[in-house]
Amino acid sequence: MRMPRIRKVMFPVAGLGTRFLPATKAVPKEMLPIIDRPLIQYGADEAVGAGASALVFITNSSKQAISQHFSAAFELESRLAQDGKDDTLALVRGTLAEGISQAAVPQHQALGLGHAVLCGADAIGPEPFGVILPDDLIVNDGRGCLEQMVEVYEQTGASVIAVEEVPPEHTHRYGIVSTSPHSERVEKLEAIVEKPAPADAPSNLAVVGRYLLTPKIFELLAATGTGAGGEIQLTDAIAELLHHEPVYCYRFEGKRYDCGSKLGFVQATIELALADPELGSPVADLLKQLS
Ligand code: UTP
């Protein structure tokens with residue numbers, strides 16, 4: 001059976017970003033740059049690389065910067081054109097590839113990731129869709145994480161969540177899964193629990209910020225009450241989804257940086273700078289001098 005294509009990717013970016021205050025008082029966390037591209041740009045490029053043609057941003061009222069980033073900037077563009085700065089102009093215009101649409105949906109109160117996803121129900125409609133949390137930056141030499149997951153979705157026709165092993169003492173920061181084997185890199189989800197203490201965790205296999213979900217999740221989210229941390233948790237709705245449909249976990253290829261934490265953000269900045277053709281060598285020299 002041919003699966004409906006994944007056309008839409010949702011970006012829940014309405015969180016308060018408290019770990020980066022005061023930087024995130026007026027600027028959304030997702031607009032913080034790793035070198036010269038904001039986190040949201042890495043996420044958008046990953047979505048487009050996976051075949052998406054519509055990006056849906058779930059935002060709070062202080063996050064117009066994200067929509068602006070993906071829109072035309074007339075004054076800047078005409079100045080760059082006048083000055084003959086064609087390369088820079090291409091960078092400014094290239095934030096959103098031609099033919100890709102963007103829409104912003106408000107989440108008026110930060111009631112949790114599950115609630116944020118539910119806010120996007122009308123914009124997504126009755127079709128499977130992707131979810132990217134841009135503060136989980138996943139870097140890859142080959143295919144992006146979401147593109148890899150689309151392949152698993154095409155094979156299984158079911159929801160797919162990206163997972164990776166984390167240090168056992170970090171389970172309280174993640175949704176944690178227990179699974180049974182399926183195929184290389186793919187496991188069948190058996191149970192999922194949000195932020196368990198290490199002693200209660202069923203494993204150290206953690207959910208990271210990439211999901212491919214069937215639209216059934218919206219119906220289940222609408223009936224999901226508050227869970228861990230007093231928030232409406234996507235994890236709880238996925239646990240319920242398991243009672244209706246199979247769900248698969250995918251051990252993605254690539255390296256994830258938790259850019260929602262200061263250490264992860266700094267690590268991503270250093271490692272991406274070292275990998276940059278222009279910056280790599282001077283940054284390596286700088287690091288040698290410092291060590
Ligand atoms: P986080 O747990 O990282 O929360 O949310 P946060 O508010 O962004 O950051 P801190 O912890 O206060 O520093 C995970 C993802 O879920 C989104 C966030 O924007 C982030 O992408 N989210 C969270 C929402 O969109 N709405 C919410 O109500 C909660």
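Throughout, residue positions are numbered sequentially from 1 according to the sequence presented. Atoms within each ligand, like the ligands themselves, are counted from 1 in listed order.
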- Query: When the ring centroid of F218 is compared with that of F129, is the distance short of 6.0 Å?
  - Reply: yes

- Would you call E127-R7 a salt bridge at under 4.0 Å N-O? yes

- Message: Does the residue Q107 have a heavy-atom contact with ligand 1, meaning some pair of atoms that are separated by less than 4.0 Å?
- Response: yes

- Under 3.5 Å, is there a donor-acceptor pair between the side chain of T171 and the main chain of A201? no

- Message: Suppose I only count heavy atoms of P12 and a 4.0 Å limit; which atoms of ligand 1 are within that range?
- Response: 17 (C), 18 (C), 19 (O), 20 (C), 21 (O), 25 (O)

- Message: With a 4.0 Å cut-off on heavy atoms, is I58 in contact with ligand 1?
- Response: no

- Looking at ligand 1, does any of its N/O atoms fall within less than 3.5 Å of an N/O of L16? yes

- Item | Options K262, Q233, K29, E231, ranked by nearest heavy atom to atom 4 (O) of ligand 1, top entry | K29

- Hey, does Q109 sit under 4.0 Å from ligand 1 if you only count heavy atoms? no

- Item | Sub-4.0 Å atoms of ligand 1 with respect to non-hydrogen atoms of D135 | 3 (O), 21 (O)

- Note on the structure: Sorted by chain and residue number, the side chain to side chain donor-acceptor pair (under 3.5 Å) partners of K85 (sequence neighbours excluded) come out as none

- Given A110, G112, A116, S261, which has its nearest heavy atom closest to atom 29 (C) of ligand 1? G112

